[in-house]
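Each remark here refers to the structure printed beneath this line.
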Amino acid sequence: MTAGMPSFPAYAGQLDRALAFMQEGEHYLIVSHVQPDGDAISSTLVTAWLLAKLGKTFVMMNESAVPLRLGYLQGTSHIQNMNEVPEEIRFDRVIAVDCADYKRIGLISERFAPGCELLNIDHHPTNDHFGTVNLIRADAAATVEILYDLIEHAGISLDVEAGTAVYTGLLTDTGGFRYSSTSPRVMQIASAILMLGVSGHLLAEHLLEKMTKAQLLLLQRGLANLTFSSDNRIAWITVGHADLAATGATSEDLEGLVNYARNVEGVDVGMLFKEAADGCVKVSLRSSGAANVSAIAQTFGGGGHVRAAGCRLDMSMTDAVQQIVQAVSEALKA
């Protein structure tokens with residue numbers, strides 16, 4: 001294995017089986033999770049790039065739209081919405097990237113042929129190994145990091161197109177290389193990509209600094225209802241569907257809002273409660289490490305990482321806040 005790549009035998013075997021899965025077939029469906037983020041879209045594109053290098057054909061599909069801010073990535077215009085593909089088409093070889101569990105694939109799973117072969121590539125510790133073949137590294141900062149390992153394992157040289165996508169996934173999932181997941185391996189990969197000529201500073205400015213007016217107005221509303229627990233160890237922001245309508249914001253504009261709750265000095269867990277159009281509540285949780293928010297999210301049908309997780313609750317905003325805050329409070333006391 002290449003220097004710097006994790007060398008434990010089980011992972012080497014996973015890389016072998018994943019590469020064999022890509023080499024054995026001819027046509028693939030590539031999917032990521034619903035409401036895709038930077039890592040999900042980047043992983044979709046990098047997987048497509050690798051398949052093309054292997055001489056394979058593919059369809060990229062998602063139930064949700066590609067975030068507008070990721071439109072600079074080459075190939076995003078070819079990621080189809082499932083409604084653009086005839087319903088009768090079924091795929092017998094599928095690659096799912098950055099999906100912590102099978103349900104995160106969403107309605108696209110209806111397009112899988114009965115008994116389809118599925119390669120599951122992911123970095124979430126809550127992943128339930130739902131694939132026929134699984135390539136899982138829970139210590140990876142992002143799914144693109146695993147794909148980088150796979151590309152190296154295949155003996156293929158990265159180019160600027162794929163490098164930009166890998167860098168995007170790493171940048172967004174590590175919070176600009178600030179989270180604890182920013183390992184020496186992550187920085188080694190980032191350095192190699194910068195040497196290809198990828199403009200990391202421009203990507204950071206675009207993805208981490210720029211803000212739409214709608215996003216700023218939504219932030220203004222969110223901070224107006226920032227709430228703290230009695231001991232100030234928990235903080236949360238609520239955003240109603242009416243807030244999105246009033247500001248002209250979209251769900252994409254919510255990204256990063258949870259950090260304003262988490263980043264307050266003394267706060268161990270910050271949360272964002274988002275009311276969806278269908279009335280359910282989506283919850284994002286961020287932790288300093290004092291509580292395992294992935295375990296909390298799992299009890300509500302969600303999942304994620306120790307420090308970053310989420311879940312979806314079919315209840316009112318009031319009930320969702322009460323139940324999650326109570327669960328977090330109990331976890332902090334444990």
Side-chain angles (χ1 to χ4, degrees), residues 28-52 57-87 89 91 94-100 103-112 121-124 142-148 159-176 193 198-199 202-215 218 244 248-257 274 276-277 282 284 310 312:
Y28 296 82
L29 171 65
I30 309 170
V31 301
S32 62
H33 60 74
V34 296
Q35 295 186 325
D37 56 9
D39 189 29
I41 293 299
S42 295
S43 295
T44 299
L45 296 172
V46 174
T47 301
W49 178 89
L50 178 54
L51 285 173
T57 59
F58 53 84
V59 170
M60 298 181 288
M61 197 187 306
N62 200 292
E63 178 184 329
S64 311
V66 176
L68 293 175
R69 69 194 183 101
L70 297 174
Y72 66 87
L73 290 170
Q74 190 169 332
T76 52
S77 61
H78 298 299
I79 299 178
Q80 302 182 65
N81 184 278
M82 61 180 294
N83 296 324
E84 299 172 349
V85 179
E87 291 187 12
I89 295 180
F91 298 86
V94 179
I95 302 177
V97 292
D98 203 38
C99 295
K103 67 178 182 293
R104 289 288 284 155
I105 294 171
L107 296 175
I108 291 200
S109 61
E110 298 175 359
R111 304 299 180 89
F112 299 175
I121 306 177
D122 185 47
H123 73 123
H124 294 91
T143 298
V144 288
E145 181 181 347
I146 302 171
L147 287 165
Y148 186 93
D159 60 17
V160 171
E161 174 191 340
T164 300
V166 172
Y167 198 93
T168 295
L170 290 176
L171 188 70
T172 53
D173 253 28
T174 62
I193 291 172
V198 173
S199 300
L202 295 179
L203 292 177
E205 180 180 0
H206 174 70
L207 293 169
L208 305 177
E209 303 295 335
K210 292 294 184 181
M211 182 180 290
T212 65
K213 181 180 179 180
Q215 193 173 12
L218 191 63
L244 294 175
T250 66
S251 58
E252 183 180 343
D253 293 314
L254 289 164
E255 188 162 343
L257 188 55
K274 304 159 283 186
K282 298 179 181 179
S284 297
R312 176 186 174 103

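Between the side chain of Ser199 and the main chain of Leu202, no donor-acceptor pair closer than 3.5 Å is present. In this structure a side-chain-to-backbone donor-acceptor pair under 3.5 Å is present from Ser43 to Asp39. In this structure a side-chain-to-backbone donor-acceptor pair under 3.5 Å is missing from Gln74 to Glu161. In this structure a side-chain-to-backbone donor-acceptor pair under 3.5 Å is missing from Arg104 to Ser32. When atom types are taken as modelled, the side chain of Asp253 and the backbone of Thr250 share a donor-acceptor pair closer than 3.5 angstrom. Put simply, the side chain of Asn81 never gets that close to the backbone of Ala65: no donor and acceptor are under 3.5 Å apart. Under a 3.5 Å cut-off, the side chain of Glu252 and the backbone N or O of Leu68 do form a donor-acceptor pair. Within the 3.5 Å criterion, the main-chain N or O of His33 finds a donor-acceptor partner in the side chain of Asn62.
By the ring pair (Phe, Tyr, Trp, His ring centres under 6.0 Å) test, His206 pairs with Tyr72, sequence neighbours left out. With sequence neighbours left out, the ring pair (Phe, Tyr, Trp, His ring centres under 6.0 Å) criterion links Tyr167 to Phe177. Residues satisfying the side-chain hydrogen bond (donor to acceptor under 3.5 Å, both in side chains) test with Glu255, not counting sequence neighbours, are Arg69.
The closest side-chain heavy-atom distance from Leu171 to Leu207 is below 4.5 Å. Residues Asp122 and Val97 are not in side-chain contact: their nearest non-hydrogen atoms beyond the backbone lie 4.5 Å or more apart. Proximity of Val166 to Ser42: side-chain heavy atoms (C-beta onward) are nowhere separated by under 4.5 Å. Side-chain contact check for Val59 versus Ile30: every heavy-atom pair is 4.5 Å or farther apart. Between Leu51 and Ile95, some side-chain heavy-atom pair lies under the 4.5 Å cut-off.
When the shell of 6.0 Å around CD of Gln80 is examined, it contains more than 12 heavy atoms from other residues, nucleotides or ligands. The local environment of CD in Glu87 is sparse, with at most 12 non-hydrogen atoms from other residues, nucleotides or ligands closer than 6.0 Å.
Nearest approach of Gly71 to Thr76, heavy atoms of both residues: O-OG1, 3.5 Å. Closest heavy-atom contact between Val85 and Met61: CG2-CE, 3.6 Å. Of all non-hydrogen atoms in Met60 and Leu45, the two that sit nearest each other are SD-CD2, 3.9 Å. The shortest non-hydrogen separation linking Leu218 to Ala249 is CD2-CB, 4.0 Å. Nearest heavy atoms, Gly163 versus Ile193: O-CG2, 3.4 Å. The two residues Gly169 and Ala142 make their nearest non-hydrogen contact at O-CB, 3.8 Å.
Annotation: the span from Ser64 atom OG to Asp37 atom CG amounts to 11.0 Å, rounded to 0.5 Å. Expressed to the nearest 0.5 Å, how far CG of Leu170 lies from OG1 of Thr172 amounts to 8.0 Å. Interatomic distance, SG of Cys99 versus NE2 of His124, reported as 9.0 Å (0.5 Å rounding). From Leu70, atom CG reaches atom OG1 of Thr44 across 10.5 Å, with rounding to the nearest 0.5 Å. Here the CD1 atom belonging to Ile108 is positioned 6.5 Å from the CD atom belonging to Glu63, to the nearest 0.5 angstrom. Atom-to-atom distance recorded for Thr47:OG1 and Phe58:CZ is 10.0 Å, nearest 0.5 angstrom.
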Can Glu145 and His123 be said to form a side-chain contact (heavy atoms from CB on, under 4.5 Å), step by step? CA-CA 9 Å; Glu145 181 181 347; His123 73 123; over 6 Å; no
Given the rule in the side chain to side chain donor-acceptor pair (under 3.5 Å) test, do Ser251 and Lys274 qualify, once you have shown the distances and angles that lead to the verdict? CA-CA 9 Å; Ser251 58; Lys274 304 159 283 186; over 6 Å; no
